[in-house]
Amino acid sequence: MRKILTAMVLAGSLAGAGAAQTVSKETAEAVRKEIMKIEDEKVAGLLRGGSEPVDWIVKYDAEDIAQTSVDGSTPNKAQIEAGLQPGVFKMHSMKQDGHRFRVYDDGNVAVVTYHALGVIERNGKVANRENLFTDDWVKQKGTWLRVAHEERDMPKK
């Protein structure tokens, strides 16, 4: 009996999860446009440099953002901001592409994966970078916040 009850609860939860993923094409497209505008703002700010990369983090990253960097570290928001300060970090070039969106919760949650290619300078060391990213966005009180950010090196061919 216990196994039957567990199976029924599990089936009910999976049915609810499936329903949460269904959003109209119009809603999904509106979310895509909103987040792409934020992404374009990020890239432009990274390329301009100065305080703009940190300003973007302050505005769009949740206070308790869950980030996993390429090196496996999990910096908090203050550490992320410190790593983007002028004199510590400079973006020489950057191009993002291949954005894929998954939209949930009536358009209030989005998971975005994308590819980026660029040249960065960190602590005076210049490096070519090619990465894959996953960002989780949540809309709270009409404002998008990035709640999770994962960086991975592009697999070697």
Side-chain angles (χ1 to χ4, degrees), residues 13-86 88-122 126-155 157:
S13 353
L14 292 175
Q21 295 178 23
T22 305
V23 296
S24 71
K25 287 182 182 180
E26 294 80 15
T27 298
E29 180 60 15
V31 168
R32 187 193 69 76
K33 285 181 180 179
E34 289 174 20
I35 292 175
M36 283 307 300
K37 183 177 177 187
I38 295 168
E39 285 294 323
D40 290 344
E41 180 183 327
K42 177 186 72 182
V43 171
L46 284 167
L47 292 172
R48 283 190 296 268
S51 68
E52 288 192 46
V54 173
D55 295 343
W56 190 92
I57 296 296
V58 168
K59 183 175 180 180
Y60 291 110
D61 275 3
E63 289 303 315
D64 61 346
I65 186 165
Q67 177 164 317
T68 303
S69 299
V70 171
D71 64 4
S73 64
T74 55
N76 62 33
K77 188 172 180 177
Q79 292 167 324
I80 296 165
E81 291 172 17
L84 293 174
Q85 292 292 328
V88 173
F89 175 86
K90 181 176 181 177
M91 179 67 65
H92 292 277
S93 67
M94 180 178 207
K95 178 185 176 200
Q96 291 184 181
D97 59 30
H99 292 80
R100 292 187 58 211
F101 286 78
R102 291 145 190 97
V103 181
Y104 306 95
D105 190 31
D106 295 324
N108 291 305
V109 175
V111 177
V112 184
T113 57
Y114 57 98
H115 166 263
L117 181 64
V119 178
I120 67 165
E121 183 176 337
R122 190 173 298 280
V126 177
N128 293 322
R129 298 293 302 270
E130 186 170 12
N131 302 100
L132 299 173
F133 296 91
T134 301
D135 290 338
D136 299 336
W137 292 88
V138 176
K139 196 171 202 178
Q140 296 179 341
K141 299 179 184 173
T143 302
W144 285 105
L145 288 177
R146 188 170 65 166
V147 297
H149 176 70
E150 181 186 6
E151 306 172 354
R152 296 167 312 284
D153 278 329
M154 185 71 179
K157 293 181 180 182

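- Without hydrogens or angle criteria, S93 side chain to V119 main chain gives a donor-acceptor distance under 3.5 Å.
- When the side chain to side chain contact (heavy atoms under 4.5 Å, CB included) test is applied to M154, the partners found at least two apart in sequence or on another chain are H115, E130, L132.
- Here the closest heavy-atom approach between residue L46 and residue F89 is recorded as CD2-CE2, 3.7 Å.
- A 4.5 Å side-chain heavy-atom check between V54 and V58 finds at least one atom pair inside the cut-off.
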- Item | Evaluation steps, side chain to side chain donor-acceptor pair (under 3.5 Å), between D71 and S73 | CA-CA 6 Å; D71 64 4; S73 64; 2.6 Å; yes
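- Heavy-atom contacts from other residues, nucleotides or ligands closer than 6.0 Å to NZ of K90 number 12 or fewer.
- With contacts defined as side-chain heavy-atom distances shorter than 4.5 Å, the pair E52/E41 does not qualify.
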- Query: Please walk me through it: do R129 and D153 pass side-chain contact (heavy atoms from CB on, under 4.5 Å)?
  - Reply: CA-CA 8 Å; R129 298 293 302 270; D153 278 329; 4.0 Å; yes
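- With contacts defined as side-chain heavy-atom distances shorter than 4.5 Å, the pair D105/K139 does not qualify.
- Atom CD1 of I65 and atom CD1 of I57 lie 6.5 Å apart (nearest 0.5 Å).
- Atom CG of N131 is separated from atom CD1 of I120 by 8.0 Å, given to the nearest 0.5 angstrom.
- Atom-to-atom distance recorded for I35:CD1 and Y114:OH is 11.0 Å, nearest 0.5 angstrom.
- Ring pair F133/H149 is parallel by interplanar angle, where below 30° counts as parallel and above 60° as perpendicular.
- Rounded to the nearest 0.5 Å, atoms CD (E29) and CD (E26) are 9.5 Å apart.
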- Does the pair E39 and V112 meet the rule for a side-chain contact (heavy atoms from CB on, under 4.5 Å), with working shown? CA-CA 11 Å; E39 285 294 323; V112 184; 5.8 Å; no
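- Put simply, the side chain of K42 reaches to within 4.5 Å of the side chain of Q96, judged on heavy atoms.
- Shown here for P86 and G50, the closest heavy-atom pair between the two residues is CG-O, 3.3 Å.
- Residues passing the ring pair (Phe, Tyr, Trp, His ring centres under 6.0 Å) test with W56 are Y60, sequence neighbours excluded.
- Here the shortest heavy-atom pairing between T134 and R152 reads OG1-NH1, 3.3 Å.
- Rounded to the nearest 0.5 angstrom, L145 CG and K59 NZ are separated by 11.0 Å.
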- Task: Report the C-alpha distance between I38 and W137 in whole Å, list the side-chain angles of each, state the deciding distance to 0.1 Å, and finish with yes or no for side-chain contact (heavy atoms from CB on, under 4.5 Å).
- Result: CA-CA 11 Å; I38 295 168; W137 292 88; 3.6 Å; yes
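- For the pair Q79 (side chain) and N76 (backbone), a donor-acceptor distance under 3.5 Å is present.
- Between atom CG of residue D55 and atom CD of residue E81 there is a gap of 9.5 Å, rounded to the nearest 0.5 Å.
- Of all heavy-atom pairs spanning V31 and A110, the tightest one is CG1-CB, 3.9 Å.
- Using a cut-off of 4.0 Å between Lys/Arg side-chain N and Asp/Glu carboxylate O, E34 and K37 are scored as not salt-bridged.
- Nearest heavy-atom pair, T27 versus G107, reported as atom, atom and distance to 0.1 Å: CG2-CA, 3.7 Å.
- Counting heavy-atom neighbours within 6.0 Å of R102 CZ, excluding the residue itself, gives a total above 12.
- For the residue pair Q67 and I80, the shortest heavy atom distance occurs at OE1-CD1, 3.1 Å.
- Legend: residues meeting side-chain hydrogen bond (donor to acceptor under 3.5 Å, both in side chains) with D61, ordered by chain and number and at least two apart, are R146.
- Judged purely by atom type and a 3.5 angstrom limit, R32 has no side-chain atom pairing as donor or acceptor with the backbone of H99.
- Side-chain atoms of K77 never come within 3.5 Å of backbone atoms of D64 as a donor-acceptor pair (strictly under, hydrogens ignored).
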